[in-house]
Amino acid sequence: MDFWPEFLASSWGREFVAGGFGGTAGVISGYPLDTLRIRQQHSGSGSAISILRKIVRDGGPAALYRGMGAPLASVTFQNAMVFQIYAVLSRAFDSSVSARDPPSYKGVALGGVGAGAMQSLILTPVELIKIQLQLQDRKCAQSHQQQHQRGAISIAKSIYKREGLKGMYRGLGITVLRDAPAHGVYFWSYEYMREKLHPGCRKNSDESLRTMLIAGGLAGVASWVFCYPLDVLKTRLQAQSQVSPMQYNGIVDCFRKSVRTDGYGVLWRGLGTAVGRAFVVNGAVFSAYEIALRCLFNDSNDHTKHQIENAI
């Protein structure tokens, strides 16, 4: 029983647990828009409104949350790992900065790149299953099969049985290419924006909740705009199934065929939905992360209460 308090008392413990709170808040707040984004990226046509109406008409409002179990089950550990690795690497990449000072912007960016690359090992199978679930209705309609809803475990077993471990990691390469630089932009943008909105807060952590929400939201938007074409390709690659002939034979082939069929505009299809979702989700992620650090793990109770009052 002594492990948990000692774990929370360490810098590893508090970053890890607070990151988990942030990830959970992000998934719950933005999942309906994520489902809409996936449908837009995989669809050949249709506006966001028309696709949204079709989803609700065919499956009810619950269809917007289909597949949420997979990311929600893993997101605590995944996001906790990202924030913990980022906290360690942002210091390691620029050791000239004192431990009492916040990491340099160089360390922040490089730490984000490392954290994004590492998280891809967890994220790839989770997103593969999530995308298969989110597109389940559409695939049944296209193949004129009777609709038979399957859960995350059923889909995971099916993929593993047909393709083995390699099949579970379909899309790993493009996920790393997307997430490594995007997380560098993500963490750098957040630290830069929070300091601009509330000068000095990187040292004293006294920014308001509004600052957290805006800085986190803008960081999410910046990272998504930066990596969005790669995300479109990743969705198309992971939407494939060996039950039907594989349409794409890799990243370059997917890029060529997608552009040949739909033009370069296909690489930005669904961007508006993604940007809206990114602002909501990442505002929630960073706010939950920062508040969790202050509520649970600051050494001084009086100082903690003061910070929380300022935040709210």
Side-chain angles (χ1 to χ4, degrees), residues 3-30 72 74-94 97-105 107-109 111-112 114-116 118-119 183 186-220 223 279-312:
F3 165 74
W4 187 243
E6 290 176 5
F7 178 68
L8 295 184
S10 71
S11 61
W12 282 78
R14 61 173 181 261
E15 298 284 353
F16 189 89
V17 176
F21 276 108
T24 302
V27 171
I28 294 173
S29 63
L72 193 59
S74 65
V75 76
T76 300
F77 179 76
Q78 172 200 322
N79 215 68
M81 185 193 75
V82 168
F83 274 87
Q84 185 60 72
I85 292 174
Y86 160 72
V88 173
L89 293 183
S90 62
R91 295 284 181 185
F93 280 121
D94 194 351
V97 178
S98 167
R100 294 180 177 272
D101 294 323
S104 67
Y105 287 121
V108 164
M118 290 293 291
Q119 81 143 5
H183 274 69
Y186 181 58
F187 284 108
W188 184 91
S189 299
Y190 175 70
E191 293 294 335
Y192 179 81
M193 287 306 304
R194 69 189 284 231
E195 185 67 20
K196 285 294 181 182
L197 291 169
H198 195 121
C201 70
R202 293 190 72 218
K203 280 192 174 185
N204 54 36
S205 298
D206 64 350
E207 70 266 40
S208 66
L209 177 61
R210 184 178 69 175
T211 297
M212 298 176 197
L213 289 169
I214 294 174
L218 291 176
S223 65
F279 191 89
V280 172
V281 167
N282 293 288
V285 167
F286 274 109
S287 297
Y289 169 75
E290 297 281 4
I291 291 173
L293 282 177
R294 297 168 199 190
C295 286
L296 303 175
F297 311 123
N298 272 6
D299 295 331
S300 170
N301 288 333
D302 291 338
H303 182 54
T304 301
K305 290 177 182 178
H306 176 67
Q307 286 183 322
I308 295 171
E309 287 171 1
N310 285 342
I312 297 174

_For a side-chain contact (heavy atoms from CB on, under 4.5 Å) check, start with the C-alpha distance between Leu218 and Tyr192, then their side-chain angles and the critical distance, and finish with the verdict._
CA-CA 10 Å; Leu218 291 176; Tyr192 179 81; over 6 Å; no
*Between Tyr190 and Phe286, how do the two ring planes meet: parallel, tilted or perpendicular, split at 30° and 60°?*
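Aromatic pair Tyr190/Phe286 classed parallel.
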*asked:* Could you tell me if the side chain of Glu290 sits less than 4.5 Å from the side chain of Leu209, heavy atoms only?
replied: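 When only atoms from C-beta onward are counted, Glu290 and Leu209 do not touch, as no gap falls below 4.5 Å.
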Got a second to check how far [X]'s [atom1] is from [Y]'s [atom2], nearest 0.5 Å?
X      : Y      : atom1 : atom2 : value
Asp206 : Arg294 : CG    : CZ    : 8.0 Å
Arg210 : His198 : CZ    : NE2   : 10.5 Å
Arg91  : Ser98  : CZ    : OG    : 7.5 Å

_Criterion ring pair (Phe, Tyr, Trp, His ring centres under 6.0 Å) against Tyr86, the qualifying member of Phe16, Phe93, Phe187_ =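 Result for ring pair (Phe, Tyr, Trp, His ring centres under 6.0 Å) with Tyr86: Phe187.
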What pair of heavy atoms forms the shortest contact from [X] to [Y], and how long is it?
X      : Y      : answer
Leu89  : Gly111 : CB-CA, 3.7 Å
Gly22  : Asn79  : C-ND2, 3.9 Å
Leu293 : Glu15  : CD2-N, 4.3 Å

*Partners of Ala284 by side-chain contact (heavy atoms from CB on, under 4.5 Å), sequence neighbours excluded?*
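Only Ala25, Ser29 meet the side-chain contact (heavy atoms from CB on, under 4.5 Å) criterion with Ala284.
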*With sequence neighbours excluded, tell me which residues meet side-chain contact (heavy atoms from CB on, under 4.5 Å) with Arg202.*
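Partners of Arg202 by the side-chain contact (heavy atoms from CB on, under 4.5 Å) criterion, ordered by chain and then number, come out as Pro102, Pro103, Tyr105, Val108, Glu191, Arg194, Glu195.
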*So with a 6.0 Å cut-off around CE of Met81, is the heavy-atom count from everything else above 12?*
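Check passes, neighbour count above 12.
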*Listed by chain and number, what are the side chain to side chain donor-acceptor pair (under 3.5 Å) partners of Asn282, not counting sequence neighbours?*
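If we apply the side chain to side chain donor-acceptor pair (under 3.5 Å) test to Asn282, skipping adjacent residues, the hits are Tyr186.
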